[in-house]
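Note on naming: letters A, B, ... go to the chains in the order of the sequence lines (proteins, then strands), and numbering restarts at 1 for each one. Fair warning: this is a prediction, and the values are worked out from it, not measured in the lab.
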Amino acid sequence: MTFDLPSSYELMCVIRTFEETLLGSFASGLLNGTTHTCIGQEHIAAGVIGALDLERDVVFSNHRCHGHFIAYSRDVDALARELMGREGAIFGGIGGSQHIRYRNFYTNGVQGGIVANATGAALAEKRKRNGALTVAFLGDGTFGEGLVYESLNLAALWLCPILFVVENNRYAQSTPTETTTAGSLEARFAAFGIPAMRTGSQTPTDLRALASDLRARVLSGGPHALIVDTYRLGPHSKSDDTRPTQELNDAWSADPLKTVRALLPEPQAAAIESAAKRRVAEAFERAARAEPSGLEAFAN
Amino acid sequence: MTYLESIRGGLQQLLGDARDTLIVGEDLLDPYGGAFKVTRGLSTQFPDRVISTPISEAGIVGAAVGAALRGARVVVEIMFADFLGLAFDQIFNHLSKYQYMYSDVDRLQLVIRTPAGGGRGYGPTHSQSPEKYFAGMPGMRVFAPSLYHDPGAMLVEAMERYGPAIFIEAKLLYGRELITPGGVAERGWRMRKAERSTDVVLSNADVSPQLTVATYGAMASLAEEAAFALLVEEELSTDLIVVGELSGASPDAMDSAARTGRLLFVEEGTTPNGIASETAAQLLEAAAHVRLGRIGTDGPIIPSAKHLEERLIPTVDKIKRAMRALLQ
């Protein structure tokens with residue numbers, strides 16, 4: 001699959017539209033439960049997943065996983081149906097928004113847990129000698145959990161072929177990172193001898209180049225980290241957002257979608273946007289018309 | 001063969017298999033060979049398969065879960081059952097649930113082995129029997145071999161058929177010889193493996209039982225001694241059910257109790273909401289007329305001083321008294 005600015009912009013638009021449609025569906029009562037959208041962070045999903053060998057690499061994501069999932073699977077239908085509990089869902093709507101397994105892509109909903117799972121998965125892949133990379137996506141807030149530090153220690157000791165990708169979106173739910181995270185993120189990795197690269201890039205092609213380079217380094221030299229400074233434009237979950245208006249406005253004017261759009265010719269960008277909107281709208285319409293999933297998936 | 005040797009044999013069988021099997025835990029490497037020496041020799045025999053880890057119970061279990069998701073088979077040793085608490089989230093929200101939340105992920109081949117129980121003067125955080133906190137957890141099965149079982153075979157079976165599982169080893173039993181049907185025949189017992197469960201049933205060959213005693217792990221030998229003493233002293237005949245799986249009720253304890261009308265359940269943990277509870281509840285649901293007695297450790301913590309510990313944990317005398325009480 002080609003990876004260039006237009007195709008990665010399209011992916012970002014699909015993710016953005018999906019997430020916005022989702023928030024609208026909760027607001028209108030079409031969906032129940034909770035979800036955690038990645039609005040403002042789409043470039044990271046596009047760039048990092050774009051650097052992977054999708055046949056063999058393993059991805060562990062977290063509660064804020066839709067962008068990663070769409071970049072990995074390109075299966076908007078399955079995700080929409082998973083959230084609505086319909087036939088054709090990832091797994092019958094049982095896992096829902098934050099508990100997903102799809103080929104070599106895994107997520108779970110308790111902060112930090114998947115970091116340990118990813119470390120062990122990387123160890124297993126290393127023993128198979130098949131050149132597979134394991135990626136673990138974390139947030140800044142995840143660093144409150146002790147298990148993250150245990151996992152970094154194990155990954156470094158065992159020379160696991162794992163890339164830790166930290167999406168530092170400056171908030172853990174309603175709490176700014178400065179009030180929860182003493183010291184620095186890089187120093188946390190350095191403490192375990194894990195080289196960490198940090199960037200604020202919003203361009204998926206840049207991020208992909210960085211991630212590709214890191215992939216090669218990990219496979220030959222052991223764990224590395226990529227810290228991406230970003231901002232969570234949407235609420236933590238559905239509508240819980242108490243952040244200062246000025247800060248939000250400033251962040252929206254630095255929306256990565258705008259940044260990437262500006263790099264493309266206007267007609268192309270517009271065409272990509274309307275195609276993405278149509279694709280997502282149709283996926284949700286099909287999902288809404290599909291039968292509710294049966295319990296067979298759940299029968300054990 | 002001792003309890004420990006049997007378990008080590010089970011580990012050797014798992015390691016010798018073609019499938020990538022790992023043993024992960026603290027202080028496992030030779031010459032130390034584990035806190036209770038169960039893994040001694042294994043890192044020499046299988047150098048690539050035994051991983052000695054930092055003191056990171058949550059990390060160890062979490063990594064084992066991830067490896068199992070990717071097809072490895074993992075035995076995790078948690079040095080003391082008391083330390084299971086450190087890994088509780090990984091057991092509760094990850095290991096036990098992936099088989100239900102994820103498509104095409106059946107049982108994860110992961111067994112957590114851990115020594116439990118008191119009697120060594122190790123004190124409140126090294127002597128507990130915390131199995132009841134995991135029995136009843138959906139997705140996890142809890143096994144507890146006794147001297148009347150084949151612990152190594154039970155371990156292999158737990159891994160190959162019943163995982164993910166917690167395997168509670170009785171630390172007091174490691175050096176003891178396993179008990180054979182021939183061995184107990186001298187004391188008038190007929191010993192058989194149950195058909196539908198991992199229970200072992202001891203019954204008096206000649207006399208029909210007046211009560212049922214259900215127990216597991218290290219308590220089984222105490223219960224057998226108590227039952228034998230009462231047979232000799234008072235001609236009281238007992239069905240002794242040595243339970244193998246602590247999750248769920250014991251079908252054999254239920255069958256026997258329904259016939260005898262009296263059930264004493266002996267466990268080493270504390271009795272409130274304990275292992276006996278599920279069997280008792282299911283007997284009630286079946287409207288069986290059973291008088292129930294329960295014995296466990298009689299205090300909130302297990303003191304280190306031997307004479308104080310002895311006052312709290314079940315003894316042969318306490319079991320005898322409770323058995324007699326059921327007959328009044």
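Of all non-hydrogen atoms in R70(B) and A121(A), the two that sit nearest each other are CG-CB, 3.5 Å. Between T107(A) and Y102(B), the shortest heavy-atom distance links the atoms O-OH, 2.7 Å. Of all the heavy atoms in A124(A) and A72(B), the pair that sits closest is CB-CB, 4.5 Å. Here the closest heavy-atom approach between residue R127(A) and residue D48(B) is recorded as NH1-O, 3.0 Å. For L69(B) against Y106(A), the heavy-atom pair with the smallest separation is O-OH, 3.7 Å. When every heavy atom of N117(A) is checked against every heavy atom of H94(B), the shortest pair comes out as OD1-CD2, 3.4 Å.
By a heavy-atom distance cut of under 4.5 Å, D89(B), Q90(B) are the residues of residues 75-92 of chain B near chain A, going up by number. The contact list for residues 140-151 of chain A toward chain B, using heavy atoms and a distance under 4.5 Å, reads L147(A), E150(A) by residue number.
Between L154(A) atom CG and I51(B) atom CD1 the span is 9.5 Å, to the nearest 0.5 Å. Atom CG of L157(A) and atom OG of S52(B) lie 11.0 Å apart (nearest 0.5 Å).
Here D20(B) does not pair with K128(A) in a salt bridge; the nearest charged N to carboxylate O distance is not below 4.0 Å.
Between chain A and the residues V65(B), L22(B), V61(B), I55(B), the most heavy-atom pairs under 4.5 angstrom are made by L22(B). Here V110(A) is the residue among T134(A), V110(A), V115(A) with the most heavy-atom pairs under 4.5 Å with chain B. When the candidates G59(B), A63(B), G71(B) are compared by the number of heavy-atom contacts under 4.5 Å with chain A, A63(B) comes out ahead.
The number of heavy-atom neighbours closer than 6.0 Å to CG of N273(B), taken from other residues, nucleotides and ligands shown, is 12 or below.
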